[in-house]
Amino acid sequence: MDEAGLITAAQQGRVDAFNELVLVYQQQVYNLAYRILGDPASAADATQEAFISAYQNLHRFRGGSFRSYLLRIVSNGCYDELRRRKRRPTTSFEDFGEDMDEEANPFLVNGRERPEEYTERQEMAHVIQAGIETLPPDQRVTLVLSDVQGLSYQEIAEATDVSLGTVKSRLARARGKLRDYLQSQGELLPARYRL
Amino acid sequence: MRGLLAGQMRRREQRDELLSAYLDGQLSAVVRARLEAQLAADPELRAELEALRRTVSLVRDLSPVPVPHNFILSQAMVARPRPARPSRSLQLWAAPVLTAATAIVSLLFVIVLAGDLLLSGMGGRALAPAAEPRLESEAPQAAMVPSPVTQEVEAVVEVEKAVAEDTASAASTEAPSEPAPQATVEMERYAAGEAPAGGGADVEETVPPAPAAPAATPTPAARLTPEVTQPAALGIDGGPTEESAAPAPTAAPPVVEEAAAPAPTAEPTPGQAAEAVPRASGEEEPGAAEVERVAPEGQVTQPAASLRWRILEGVLGLTALGLALATIWAWRARRR
């Protein structure tokens, strides 16, 4: 069954059809949540909530990009979570060293790279993630949707409910701030990743 | 200095926007051509573009994070009602609205409480003395100068007498003197009983005209008693003949007139006194009943009114308290 057929079946109440869509999109949805929120547990919660919400509101889906529909829901969930954190700051899981590492995430090991290269890449991923988390929520979501998820300006505009001009402006500011952040890290970055 | 820095930042943001859109191929042909010309001439701009390109490249090269588990939904997950959390919009407007409601109800409560205290305070002190002179002047006036009202009342009394004569003809032989003292006692009792409610001074002022009538029949006495409840109304509204003067006791306005009026009519002849006494005997039961009924009614009007005040205050107070608690809850929920 193609995507449209699965969506129609899910709209008629077939959870199994919807679960096929979940399996297709869960990687993207989870990654978006993870890059925006910065910790695996919150990202998993946001992802699960997003799929439940997507299923329960599927009758409102009137065609178009199902991926945009899902990413929009998870983006909004992440916005809410960030606002909640702003009001009540909590300690991130990252602070306990539970972020992605080889042991916890064997999928991250690239068989062709040497161990030190892998370590450097991990360090750099930490720094980039830390840089993303310095951005304001709207710029953060835009940057992740564009440069992590690879969405076009138009898709981002639809997912975040803003104009193309706003997308362009937010993205430029986010990239500029991240560039400044990475430049400020200077010598801390592995040599091959320095700007 | 600050303006200069802000200007530089603004220019940098504009340049970043241009370079960012350039990286994504979002510039029009004209703008792109102009930018490329600038890049060719400006090594600093080229370095900036390169730093931005590198940044985007680093983010794009981030390894995808594997999902910790599958997020497939079970029937139970989708059937389970969502956590009973009020919607975001409800949370947003509930707190301010509840705050306003609490303020309004609290204000009403304070106004009602203040009004109650003020009125009860005035009823006891300020209004009673005001009623005194009126009653003092009223009784002699009514006794000496038969006003139209008094004449009217006389006519009423005549009619009543005619009725009394009918009953007296049947009951004149039955212990004629007995009911009078009884009724007098009743009168005294009610006069004394009314004193705290209506103000002791009022009773003392209003009672003397009654003994002026030699018959001291239960009729004036019985009618006099409600008069004691009258002073507040008299003091406020300025006259017993005004309809609005006595909103609570319906029998009160004519009663005052009658109380003053029978004095001259009952005075002159023993025959009339004799008539009055049998009438009293004939009407003893109804008269006493009237005393029983009217006087307590006169007393009840104030407690009933004050009870209404208390209920209103209680309801407003409890509502304000409930709203205050709900407001606290709403603000806390909003912060969550």
Side-chain angles (χ1 to χ4, degrees), chain A residues 15-16 18-20 22-23 26-31 34-35 40-41 43-44 47-48 50-53 55-56 80 84 87-88 100 105-108 110 121 124-125 127-129 131-132 143-144 146-148 150 152-153 164 168-169 171-176 178-179 181-183 193-195, chain B residues 9-28 31 47-83 85 87-89 91-92 331-336:
Chain A
V15 180
D16 59 325
F18 187 79
N19 280 335
E20 288 194 43
V22 170
L23 292 173
Q26 63 180 3
Q27 179 76 29
Q28 289 186 54
V29 172
Y30 176 76
N31 266 267
Y34 176 79
R35 291 298 170 200
T47 304
Q48 192 68 77
F51 279 124
I52 292 172
S53 177
Y55 179 80
Q56 288 176 335
D80 286 347
R84 194 187 64 77
R87 290 193 297 267
R88 276 191 194 176
M100 299 297 149
N105 299 282
F107 298 104
L108 292 183
N110 182 336
R121 192 162 56 83
M124 195 59 209
V127 174
I128 294 170
Q129 182 62 41
I132 291 172
L143 180 99
V144 173
S146 169
D147 296 342
V148 176
S152 69
Y153 282 29
L164 278 175
K168 196 188 286 188
S169 166
L171 186 57
R173 288 183 185 192
R175 285 169 172 172
L178 187 60
R179 174 201 59 206
Y181 176 83
L182 294 176
Q183 283 177 335
Y193 290 108
R194 286 177 201 155
L195 296 185
Chain B
M9 278 185 70
R10 180 73 199 132
R11 273 198 298 279
R12 190 155 195 231
E13 278 180 5
Q14 284 174 341
R15 207 163 51 205
D16 283 346
E17 199 162 322
L18 211 58
L19 295 175
S20 172
Y22 177 71
L23 289 175
D24 292 331
Q26 295 287 322
L27 292 180
S28 67
V31 178
E48 277 195 35
L49 176 67
E50 193 49 41
L52 204 63
R53 191 197 305 271
R54 187 100 177 98
T55 302
V56 173
S57 165
L58 285 172
V59 176
R60 284 181 179 162
D61 287 347
L62 280 172
S63 303
V65 185
V67 292
H69 57 81
N70 282 334
F71 291 98
I72 54 173
L73 306 181
S74 65
Q75 282 291 352
M77 286 164 93
V78 295
R80 187 184 59 202
R82 304 300 305 277
R85 253 169 61 179
S87 70
R88 190 85 206 138
S89 59
Q91 279 183 10
L92 284 177
W331 281 110
R332 291 182 70 168
R334 189 168 136 134
R335 236 171 257 131
R336 223 176 284 138

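The structure displayed is predicted, hence computed values, not measured ones. In what follows, every heavy atom counts, from backbone to side chain, and hydrogens, waters and symmetry copies are set aside. Every chain is numbered from 1 and lettered A, B, ... according to where its sequence line falls, protein lines coming before strand lines.
If you measure heavy-atom distances from A:Phe51 to chain B, the contacts under 4.5 Å come from both the backbone and the side chain. Neither the backbone nor the side chain of A:Tyr181 comes within contact range of chain B; no heavy atom of the residue lies under 4.5 Å from a heavy atom of that chain. For B:Arg12, the part lying under 4.5 angstrom from a heavy atom of chain A is the side chain only.
When all heavy atoms are compared, the tightest approach of B:Pro68 to A:Ala44 is CG-CB, 4.2 Å. Nearest heavy-atom pair, A:Tyr153 versus B:Asp24, reported as atom, atom and distance to 0.1 Å: OH-OD2, 2.5 Å.
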- prompt: Could you walk me through whether B:Val65 and A:Arg35 pass the side chain to side chain contact (heavy atoms under 4.5 Å, CB included) check?
  reply: CA-CA 9 Å; B:Val65 185; A:Arg35 291 298 170 200; 3.6 Å; yes
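Separating the CZ atom in A:Phe18 from the CG atom in B:Leu73 is a distance of 5.5 Å, to the nearest 0.5 Å. Here NZ of A:Lys168 is found 9.0 Å from CG of B:Leu18. Values are rounded to the nearest 0.5 Å. Rounding to the nearest 0.5 Å places OG of B:Ser63 at 9.5 Å from CG of A:Asn31. Note that OG1 of B:Thr55 is 7.0 Å distant from CD of A:Gln183, once rounded to the nearest 0.5 Å. Taken to the nearest 0.5 Å, the CG atom of B:Leu62 stands 4.5 Å off from the CD1 atom of A:Ile128.
Under the 4.5 Å side-chain criterion, counting only non-hydrogen atoms from C-beta, A:Leu178 is not in contact with B:Leu58. Considering only heavy atoms from C-beta on, A:Arg179 stays 4.5 Å or farther from B:Val56 through its side chain. Using a 4.5 Å heavy-atom cutoff, the side chains of B:Asp16 and A:Arg175 are not in contact. Proximity of A:Gln48 to B:His69: side-chain heavy atoms (C-beta onward) are separated by under 4.5 Å at one or more points.
Top candidate by heavy-atom pairs under 4.5 Å with chain A, chosen from B:Gln26, B:Arg15, B:Glu13, is B:Gln26. Between chain B and the residues A:Thr47, A:Leu23, A:Val144, the most heavy-atom pairs under 4.5 angstrom are made by A:Thr47. In terms of heavy-atom pairs under 4.5 angstrom with chain B, the leader among A:Asp16, A:Val22, A:Asn19 is A:Asn19.
For B:Glu17, the salt bridge (Lys or Arg N to Asp or Glu O under 4.0 Å) criterion is met by no residue, not counting sequence neighbours.
Side chain of A:Asp147 to backbone of B:Arg60: no donor-acceptor contact under 3.5 angstrom is found.
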